[in-house]
S.K.: 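Here's a structure for you.
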Amino acid sequence: MRFLVRLIVNAVALWLTTLIVTGVTVDSFGEGGPVETVLTYLLVALVFGIVNAVIGTLIRIVAFPVYILTLGLISFVVNAVLLLIVAGISTGLGFGLSVESFGWGIVGAFVLAVFAWLVGLVARPVLGGRGRA
């Protein structure tokens with residue numbers, strides 16, 4: 001249940017990001033109807049979750065001294081690289097995320113993180129997190 005809610009939260013955050021950041025778009029597969037579009041956002045969110053869990057964790061462990069040196073600001077660059085990796089994977093599959101440049105990747109990763117946090121706050125009661133009474 002928790003996995004599905006997080007997947008939906010990330011898909012909604014990705015959708016909101018594509019509405020605001022012009023350099024980040026999602027191309028749906030098939031005819032591009034509403035069902036195909038929703039499935040595309042869910043698949044891209046799944047790919048992003050897998051890339052973030054595997055490659056992102058590895059990068060964060062290896063680059064830990066750089067995180068300390070830059071007071072965590074390198075996370076913007078790391079998240080942009082992860083977004084570009086997801087764009088490459090999903091484009092290779094014939095649908096999904098497109099990022100115009102590395103600069104748009106940084107902006108898109110920042111906006112995506114903010115939206116994921118905001119949507120996660122709304123979904124926190126569903127996830128069983130601690131909330132205020």
Side-chain angles (χ1 to χ4, degrees):
M1 175 73 175
R2 179 176 292 240
F3 172 76
L4 289 176
V5 172
R6 289 204 184 274
L7 183 68
I8 293 169
V9 164
N10 287 333
V12 169
L14 182 63
W15 172 65
L16 292 171
T17 300
T18 59
L19 292 177
I20 292 181
V21 180
T22 58
V24 178
T25 58
V26 171
D27 304 319
S28 52
F29 66 90
E31 298 174 10
V35 173
E36 289 88 358
T37 303
V38 170
L39 286 176
T40 301
Y41 278 104
L42 288 171
L43 286 172
V44 171
L46 178 67
V47 171
F48 188 74
I50 292 169
V51 167
N52 198 15
V54 176
I55 298 173
T57 302
L58 183 66
I59 290 173
R60 287 178 189 95
I61 289 171
V62 171
F64 183 71
V66 180
Y67 272 86
I68 292 173
L69 233 90
T70 63
L71 302 175
L73 293 177
I74 193 71
S75 65
F76 292 121
V77 174
V78 169
N79 289 337
V81 168
L82 293 174
L83 200 62
L84 289 169
I85 290 171
V86 170
I89 291 171
S90 63
T91 302
L93 295 173
F95 67 91
L97 189 64
S98 298
V99 182
E100 286 185 19
S101 67
F102 185 72
W104 282 117
I106 290 176
V107 173
F110 177 74
V111 172
L112 180 65
V114 169
F115 279 136
W117 175 70
L118 289 173
V119 174
L121 285 177
V122 173
R124 180 172 282 168
V126 176
L127 291 173
R130 286 175 260 177
R132 295 185 179 156

S.K.: Quick check: closest heavy atoms across Gly105 and Leu83, and the distance to 0.1 Å?
M.R.: O-CD2, 3.7 Å
S.K.: Taking Leu42 as the starting point, is it possible to reach Phe3 by hopping between hydrophobic residues whose side chains are less than 4.5 Å apart?
M.R.: yes
S.K.: Start with the C-alpha distance between Phe115 and Val12, add both sets of side-chain angles, then the distance that settles side-chain contact (heavy atoms from CB on, under 4.5 Å), and finish with yes or no.
M.R.: CA-CA 8 Å; Phe115 279 136; Val12 169; over 6 Å; no
S.K.: State whether the number of non-hydrogen atoms from other residues, nucleotides or ligands found under 6.0 Å of Phe110 atom CZ is greater than 12.
M.R.: no
S.K.: Determine whether Asn52 and Arg60 make a side-chain contact, defined as any pair of heavy atoms from C-beta on separated by less than 4.5 Å.
M.R.: yes
S.K.: Are Val54 and Val47 connected, step by step, through hydrophobic side chains (Ile, Leu, Val, Met, Phe, Trp, Tyr) whose heavy atoms are closer than 4.5 Å?
M.R.: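 Yes, one cluster joins them.
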S.K.: As an exercise, state the distance from CD1 of Ile85 to CD1 of Ile59, rounded to the nearest 0.5 Å.
M.R.: 5.5 Å
S.K.: Do Ile50 and Ile89 make a side-chain contact, defined as non-hydrogen atoms from C-beta onward lying under 4.5 Å apart?
M.R.: no
S.K.: Are Leu73 and Val111 connected into the same hydrophobic cluster when the rule is that any two of I, L, V, M, F, W, Y join if their side-chain heavy atoms are below 4.5 Å apart?
M.R.: yes
S.K.: Short question: side chain of Thr18, backbone of Trp15 - any donor-acceptor pair under 3.5 Å?
M.R.: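 Yes; judged by distance alone, with no hydrogens or angles, the pair exists.
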S.K.: Supply the atom-to-atom distance Phe76 CZ to Thr70 OG1, rounded to the nearest 0.5 angstrom.
M.R.: 10.0 Å
S.K.: Report yes or no: do Val114 and Ile20 belong to one cluster of Ile/Leu/Val/Met/Phe/Trp/Tyr joined by side chain heavy-atom distances under 4.5 Å?
M.R.: yes
S.K.: Apply side-chain contact (heavy atoms from CB on, under 4.5 Å) to Asp27 and Ser98, showing your working.
M.R.: CA-CA 7 Å; Asp27 304 319; Ser98 298; 3.3 Å; yes
S.K.: Show the nearest heavy-atom pair for residues Leu97 and Ser90, with the distance to one decimal.
M.R.: N-OG, 3.0 Å
S.K.: Would a 4.5 Å heavy-atom cut-off, applied to side chains only, mark Leu14 and Phe48 as touching?
M.R.: no
S.K.: Using 0.5 Å steps for rounding, measure from the CG atom of Leu46 to the CG atom of Leu39.
M.R.: 11.5 Å
S.K.: Measure the spacing between CD1 of Ile74 and CG of Asn79 and express it to the nearest 0.5 Å.
M.R.: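 Going from CD1 on Ile74 over to CG on Asn79, the span is 10.5 Å.
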S.K.: Would you say that Leu112 contacts Val24 through its side chain, given a criterion of any heavy-atom pair below 4.5 Å between the two side chains?
M.R.: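 A side-chain contact under 4.5 Å is absent here.
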S.K.: Shortest non-hydrogen contact from Ala116 to Ala13?
M.R.: N-CB, 3.5 Å
S.K.: If you apply the rule side-chain contact (heavy atoms from CB on, under 4.5 Å), what do you find for Val77 with Phe102, and how did you get there?
M.R.: CA-CA 9 Å; Val77 174; Phe102 185 72; 3.8 Å; yes
S.K.: Could you report the tightest heavy-atom contact between Ala80 and Ala109, atom names first, then the distance?
M.R.: N-CB, 3.8 Å
S.K.: Compare every heavy atom of Tyr67 with every heavy atom of Ser75, then report the nearest pair and how far apart it is.
M.R.: CB-CE2, 3.7 Å
S.K.: With the side chain counted from C-beta on, respond yes when Val9 and Val5 share a heavy-atom pair under 4.5 Å apart, and no when they do not.
M.R.: yes
S.K.: Determine whether Ile68 and Val62 fall in the same hydrophobic cluster, where Ile, Leu, Val, Met, Phe, Trp and Tyr are linked whenever their side-chain heavy atoms lie under 4.5 Å apart.
M.R.: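 Shared cluster, no.
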S.K.: For residues Val44 and Gly96, report the shortest heavy-atom separation together with the two atoms involved.
M.R.: CG2-CA, 3.6 Å
